[in-house]
Amino acid sequence: MRSTEPGARVALEFGRAMQALHARTGGDAACAAIVGRLATHAWRAADAGHVCVDVADAAEREALARSPVVGPSGDPRPLVLDCGALYLHRLWRAETALAQSVRALDVAAPLPGCDDPARVVAEVFGRPDAGDPQQRAVACALQRRLTVLSGGPGTGKTTTLARLVVAFARAAPQARIAYAAPTGKAAARLAQSLGAQLAALDPSGALRARLPAAGQTVHRLLGARADGHAGAPMPLDEDLVIVDEASMLDIELASRLLGSIGPTARLVLAGDRDQLASVEAGAVFADLCAAPLAGVVVLERNYRQQDAPDIAALAAAIRARADGARGAAAAANASASAVAGAGAPIDWPPTIALAAPDASAIVDEALHAWRDALDAVAAGAGAQQVLAAYDRHRVLAAMREGPLGVDSLNAAIATRVRGRALGPGNPGWYAGRLAMVTKNEPGLGLFNGDVGVCLPHAGGDACDNDLVVAFDGPSGLRLFPVLQMPACQDAWALTVHKSQGSEFESVALVPAPAGHPLATRELVYTGVTRARRRLSVWGSREAVEQAALRPTQRHGRLAERLAGA
């Protein structure tokens, strides 16, 4: 979680600056304090993920409307008052531009040369079924410019996207296709998952030769295109853009993305509407899923329930429990305590361990889960084998700070692993260290969220310079000397936010305590659904149930703008 202190200071300084600018540009002195206070509030709200703040008081709205620093209808001023909501200008611009782009893309656009899309869809699925949501999603992408595909883990999103790519490539052989995601990790996982599916759908490899071999981040896809400051974004060259983990798109990045789709191109946004929203402002994907758009398809059947039925059941129970909370909170802007009785209690699955949080026990469980990885490191096994063994388990925590936060858990695990390390090493780098890049380094091809393992370089002579960090990806194994590495942190434990776009065989989830701001429905749901086969929860049942009753509320008017279109 981002530190609130620096953000609070910046918000306060912004409010003071707006108050001073109001006075300096001839604003009514009686309104100056109101402008400054609400400007501070708007900045704080944006830092908390809100696109705007409602100004309920009529006198305050009148004061803002008379201020020279507040522009109606998007005048080039620092703040915008629109329909009783106060925005930072950049967020108002992003929201209005995004709504305009969505409306422009939400249109029928039959694929040229594809006279019988139903036949193409039936061919890639092997059987026609108009009631199958996966087939509807593929048909939608062939006939419309915007498709929004939502589904939880195991519901077949990747299978659907792979069949869509095959259908599109067959119907439009010269089409240019791009795969992207908000983070490098999610983009790599998308490409790997699609590659595995395409191998079965295209045994000859004829289609795959014309498809991208790797995914890319949305930022890299957009490149240096204008973001609205210097003019309209330049259109992308691709005919089909597929973006996975779209719930991570914030309002500004989504606005740039949709504004960059070419005049005849189409966009597929895939994600899980129940997952955490973006770290920055907005809940774009959830708003699009709830909007009256023709291209929204929701996948609900879980095909993995035979492998992990209890994990799927717990995730479903968390979603269901939140339904009652939504209604109660909407009825009276209720607090968490006021809706404590809403929603059905969670029937805790018997195979999911639930224990009181204990840092020492969490570390012991993790080291036991990683015994194969640690043995492989000691035996000098290859990096791919070590990474695969590590990826079977991860500790996911709601908080970064505190005794049960990511920082403390990482330090405790690192101490134990460092004690087992053989050969060269230092307090920062040692054989077996699992590390995550925290700063984009495009020149090296390393990006925030990439995870690698530190190992002795083959043939080294036991000095620090012989340690390398190995990363596995679509293009194979890459090795970097530790002295070349950008900023990194231990990756034994991750925040739930950082885990988005990843899945692990087993997960140890450490939720926030009851009543904590991070104890939300989306956070526990996201943490639970990162596990494929085994899940342990280190927290109280009360904490999970109360979190499930607290769906995140993001203030913004995107859904309202789309509904009124």
Determine whether [X] and [Y] make a side-chain contact, defined as any pair of heavy atoms from C-beta on separated by less than 4.5 Å.
X	Y	value
E252	R90	yes
I261	P235	no
L444	F480	yes
F471	L446	yes
R127	Q135	yes
P481	Q484	yes
D272	P153	yes
H457	L467	no

Have [X] and [Y] got a donor and an acceptor in their side chains that come within less than 3.5 Å?
X	Y	value
E95	Y87	yes
R266	Q143	no
T159	Q197	yes
E522	Q275	no

Q. Is there a salt bridge (Lys or Arg N to Asp or Glu O under 4.0 Å) between R144 and D106 once you walk through the steps?
A. CA-CA 7 Å; R144 303 190 65 82; D106 186 35; 3.3 Å; yes
Q) Within the distance-only criterion (no hydrogens, no angle test), does the side chain of K157 pair as donor or acceptor with the backbone N or O of G151 below 3.5 angstrom? A)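 Yes; judged by distance alone, with no hydrogens or angles, the pair exists.
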Q) Is the side chain of Y390 donor-acceptor paired with the backbone N or O of W492 at a distance under 3.5 Å, no angle test? A)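 No, Y390 side chain to W492 backbone: no donor-acceptor pair under 3.5 Å.
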Q) Yes or no on salt bridge (Lys or Arg N to Asp or Glu O under 4.0 Å) for E505 and R532, after CA distance, side-chain angles and deciding distance? A) CA-CA 5 Å; E505 289 297 306; R532 283 194 292 260; 2.8 Å; yes
Q: Report yes or no: is the cationic atom of R433 (NZ for Lys, CZ for Arg) under 6.0 Å from the centre of the six-membered ring of W429, at an angle within 45° of the ring normal?
A: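 Yes, R433 and W429 form such a contact.
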Q: Give a yes/no verdict on a cation-pi contact between R163 and F125, requiring under 6.0 Å between NZ or CZ and the six-membered ring centre and an angle within 45° of the axis.
A: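 Pair R163/F125 counts as cation-pi.
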As an exercise, state the distance from [atom1] of [X] to [atom2] of [Y], rounded to the nearest 0.5 Å.
X	Y	atom1	atom2	value
T160	L149	OG1	CG	5.5 Å
L91	E280	CG	CD	9.5 Å
T147	R136	OG1	CZ	12.0 Å

Taking [X] first and then [Y], would you say they form a salt bridge - that is, a charged N and a carboxylate O separated by under 4.0 Å?
X	Y	value
D287	R554	no
D310	R533	no
D237	R176	no

Quick check: closest heavy atoms across [X] and [Y], and the distance to 0.1 Å?
X	Y	result
P133	L299	CB-CD2, 3.7 Å
V437	P486	CG1-CG, 3.9 Å
G152	Y525	CA-OH, 3.8 Å
L562	A99	CD2-O, 3.9 Å
Q553	H50	O-CE1, 2.9 Å
L161	A270	CD1-CB, 4.0 Å

